[in-house]
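Following: one structure in structure tokens, then a few remarks.
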Amino acid sequence: MPKKIIIEQITEKKRLDNYLTETEYKDKSRSYVQTLIKDEKVLVNGQKVKTGYILKEEDVITLEDIVIKTLDLNPVNLNLDIIYEDDDLLVINKEEGLVVHPASSYHNVTLVHGLMYQVNHLSSINGVIRPGIVHRIDKDTSGLLVVAKTDKAHQLLSQQLKDHNIKRKYIALVYHDFDENEGTIDAPIGRHPKNRLKMAVIESGRPSVTHFKVLVRYKKYSLISCELETGRTHQIRVHMAYINHPVVGDPIYGPKQVISNHGQFLHAVELSFLHPIKKEYMTFHADIPSYFQNFIDELE
């Protein structure tokens, strides 16, 4: 049976999504509640409303029974490289070539399949096809990402991510030498206007900031470190191509003649965050993969 809530007294203006997050869905994120409202699982006075609807006295909120679906995926033993795990979260060093989670257009084995095999419990905030997934890295990007085991940990980690308090450092091999030793790329990123499979720097895009530092200069390449201030899809790859230093091996944003069959030489080398439950600041490091190191050794 749907649950009905009558707003008897409002002492201050309160948004519907905020009200439900603070009362009925304390263990869920505000984005989760907003999705319920957009999907008409929440009605006000029998009508669909916007997530920012301002509640009034005598409003009647109807909450539809939410049936929690089970994940219709078979666990797969991927022997994931779990470098840290406790009751609340785990940190994984993802290998290149592995997609993080399933999608309507991707049904092959993903990191989620491996998590289901190796981890007993994952947070439910991001739905049935993305259990535990707080953030992603591209299929052909290797390196560190944090996975939440509880909804509370997930919610607090997501807030850190939103507040830019999760620090993510990458190592990338890019084309050409630089005139400068370090710099910041502040350029908005959005969907490519002509190719929907790509992202691009466009005026109407979302704010995107990447800081980079040159580590080693080679004849035709440069090894750089990048730190993300924002986390847009393909951000480093788009930003580096934008300043004419595409990531080596990138089949989408780099030269048509691709070097290596491992995808782009881009590795999430360092991850730092405040543990959401223990309140300890933690930093993790993962060495670059052997194929990446071997290519650098050849350059040197």
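Listed by chain and number, the hydrophobic cluster partners of Val60 are Ile6, where partners are ILVMFWY side chains within reach of under 4.5 Å, directly or through others. Applying the 4.5 Å side-chain rule to ILVMFWY residues, one finds Ile83, Tyr84, Val91, Val134, Leu144, Val146, Leu157, Leu161, Ile166, Leu271, Phe273, Met282, Phe284 in the same cluster as Leu89.
Here Ile5 contributes atom CD1 and Asp59 contributes atom CG; the two are 11.5 Å apart, rounded to the nearest 0.5 Å. A distance of 9.5 Å separates OG in Ser158 from NE2 in His135, rounded to the nearest 0.5 Å. The distance from the CD1 atom of Ile296 to the CG atom of Leu223 is 4.5 Å, given to the nearest 0.5 Å. Taking CG from Leu43 and CD from Gln47, the interatomic distance works out to 8.0 Å, rounded to the nearest 0.5 Å. With rounding to the nearest 0.5 Å, the separation of CG in Leu78 from CG in Leu111 is 7.5 Å. The line from CG of Asn79 to CD of Gln118 is 6.0 Å long, rounded to the nearest 0.5 Å.
A salt bridge is defined here as a Lys NZ or Arg NE, NH1 or NH2 lying under 4.0 Å from an Asp or Glu carboxylate O, and Glu24 with Lys3 meets this definition. Lys219 has no carboxylate O lying under 4.0 Å from a charged side-chain N of Asp177, or vice versa, which leaves the two without a salt bridge. A salt bridge links Asp17 and Arg15; the closest N-O separation between the charged side-chain nitrogens and carboxylate oxygens is under 4.0 Å. No salt bridge links Asp88 with Lys278; every basic N to acidic carboxylate O contact stays at or beyond 4.0 Å. Using a cutoff of 4.0 Å between basic side-chain nitrogens and carboxylate oxygens, Glu22 and Lys14 are scored as salt-bridged.
Nearest heavy-atom pair, Ile224 versus Val214, reported as atom, atom and distance to 0.1 Å: CG2-CA, 4.0 Å. Closest non-hydrogen pair, Thr184 versus Phe212, comes out as N-CE2, 4.1 Å. Of all the heavy atoms in Met116 and Pro75, the pair that sits closest is C-CB, 3.9 Å. Arg136 and Ile133 make their closest contact through CG-CG2, 4.0 Å (heavy atoms, listed as atom of the first residue, atom of the second, distance). For Ile137 against Gly143, the heavy-atom pair with the smallest separation is CD1-O, 3.6 Å. Across all non-hydrogen atoms, the minimal contact from Pro255 to Pro246 is CD-CG, 4.4 Å.
Residues Pro2 and Leu63 fail the side-chain proximity criterion, which asks for heavy atoms closer than 4.5 Å. You'll find the side chain of Thr110 stays beyond 4.5 Å of the side chain of Val100, heavy atoms only. Under the 4.5 Å side-chain criterion, counting only non-hydrogen atoms from C-beta, Val258 is not in contact with Val248. The side-chain heavy atoms of Leu115 and Pro131, taken from C-beta on, include no pair separated by under 4.5 Å. In this structure, Lys152 and Ile277 have side chains that are in contact, with non-hydrogen atoms separated by less than 4.5 Å. Between Asp39 and Leu36, every side-chain heavy-atom pair lies at or beyond the 4.5 Å cut-off.
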*Take Lys4 and Thr62, measure what side chain to side chain donor-acceptor pair (under 3.5 Å) needs, and give me the verdict at the end.*
CA-CA 5 Å; Lys4 292 186 181 293; Thr62 303; 3.3 Å; yes
*I would like to know whether Ile37 and Thr35 meet side-chain contact (heavy atoms from CB on, under 4.5 Å); could you show each step before the answer?*
CA-CA 5 Å; Ile37 297 170; Thr35 299; over 6 Å; no
*Tell me, with the steps shown, if Tyr170 and Val269 meet side-chain contact (heavy atoms from CB on, under 4.5 Å).*
CA-CA 5 Å; Tyr170 291 74; Val269 68; 5.7 Å; no
*So His234 and Tyr253, side-chain contact (heavy atoms from CB on, under 4.5 Å) or not? Walk me through it.*
CA-CA 10 Å; His234 299 174; Tyr253 303 101; 2.7 Å; yes
*asked:* Quick one, Thr233 with Ile189, criterion side-chain contact (heavy atoms from CB on, under 4.5 Å). Give me CA distance, side-chain angles, the key distance, then yes/no.
replied: CA-CA 8 Å; Thr233 300; Ile189 292 176; over 6 Å; no
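More than 12 heavy atoms of other residues, nucleotides or ligands lie within 6.0 Å of NZ in Lys279, so this atom counts as buried by the packing criterion. Within a 6.0 Å sphere centred on OH of Tyr117, heavy atoms belonging to other residues, nucleotides or ligands number 12 at most. In this structure, Glu57 places its CD atom where more than 12 heavy-atom neighbours from other residues, nucleotides or ligands lie under 6.0 Å away. For Glu180, the CD atom counts as densely surrounded, since its 6.0 Å shell holds more than 12 non-hydrogen atoms of other residues, nucleotides or ligands. Enclosure of atom CD in Gln293 by more than 12 non-hydrogen atoms of other residues, nucleotides or ligands within 6.0 angstrom is indicated.
Counting only N and O atoms by type, the side chains of Asn93 and Ser142 include no donor and acceptor under 3.5 Å apart. For the residue pair His275 and Asp86, a side-chain donor N or O sits within less than 3.5 Å of a side-chain acceptor on the partner. Between the side chains of Glu270 and Thr283, not a single donor N or O lies within less than 3.5 Å of an accepting N or O. Donor-acceptor pairing under 3.5 Å is recorded for the side chains of Glu300 and Tyr218. With no hydrogens or angles considered, a side-chain donor-acceptor pair links His211 and Glu229 at under 3.5 Å.
Put simply, the side chain of Asn195 never gets that close to the backbone of His192: no donor and acceptor are under 3.5 Å apart. Within the 3.5 Å criterion, the main-chain N or O of Ile236 finds no donor-acceptor partner in the side chain of His239. Distance alone, capped at 3.5 Å, places no donor-acceptor pair between the Asp163 side chain and the Asn165 backbone. A donor-acceptor pair under 3.5 Å links the side-chain atoms of Ser222 to the main chain of His176, judged by distance alone. One N or O on the side chain of Arg217 and one on the backbone of Phe178 form a donor-acceptor pair closer than 3.5 Å. In terms of modelled atom types and a separation under 3.5 Å, the side chain of Arg232 and the main chain of Pro207 share a donor-acceptor contact. The backbone N or O of Asp140 sits nowhere less than 3.5 Å from a side-chain atom of Asp138 that would complete a donor-acceptor pair. In this structure, Lys149 contributes its side chain and Asn120 its backbone to no donor-acceptor pair below 3.5 Å. In this structure a side-chain-to-backbone donor-acceptor pair under 3.5 Å is missing from Thr230 to Leu228. When atom types are taken as modelled, the side chain of Tyr242 and the backbone of Arg237 share no donor-acceptor pair closer than 3.5 angstrom.
Ring to ring, Tyr291 and His262 are close: their centroids are under 6.0 angstrom apart.
Between Phe295 and Tyr221, the ring planes lie perpendicular to each other; the angle is over 60°, past the 30° to 60° tilted range.
Residues Leu266 and Ile252 are members of one and the same hydrophobic cluster, defined by side-chain heavy-atom contacts under 4.5 angstrom among Ile, Leu, Val, Met, Phe, Trp and Tyr.
Considering His267, Gln264, Lys94 as possible partners of Thr141, the one that fulfils the side-chain hydrogen bond (donor to acceptor under 3.5 Å, both in side chains) test is Gln264. Checked against Leu16 for a side chain to side chain contact (heavy atoms under 4.5 Å, CB included), the options Ile7, Val44, Thr21, Val33 give a single hit: Val44.
A search for salt bridge (charged side-chain N to carboxylate O under 4.0 Å, His left out) contacts involving Arg191 returns nothing, not counting sequence neighbours.
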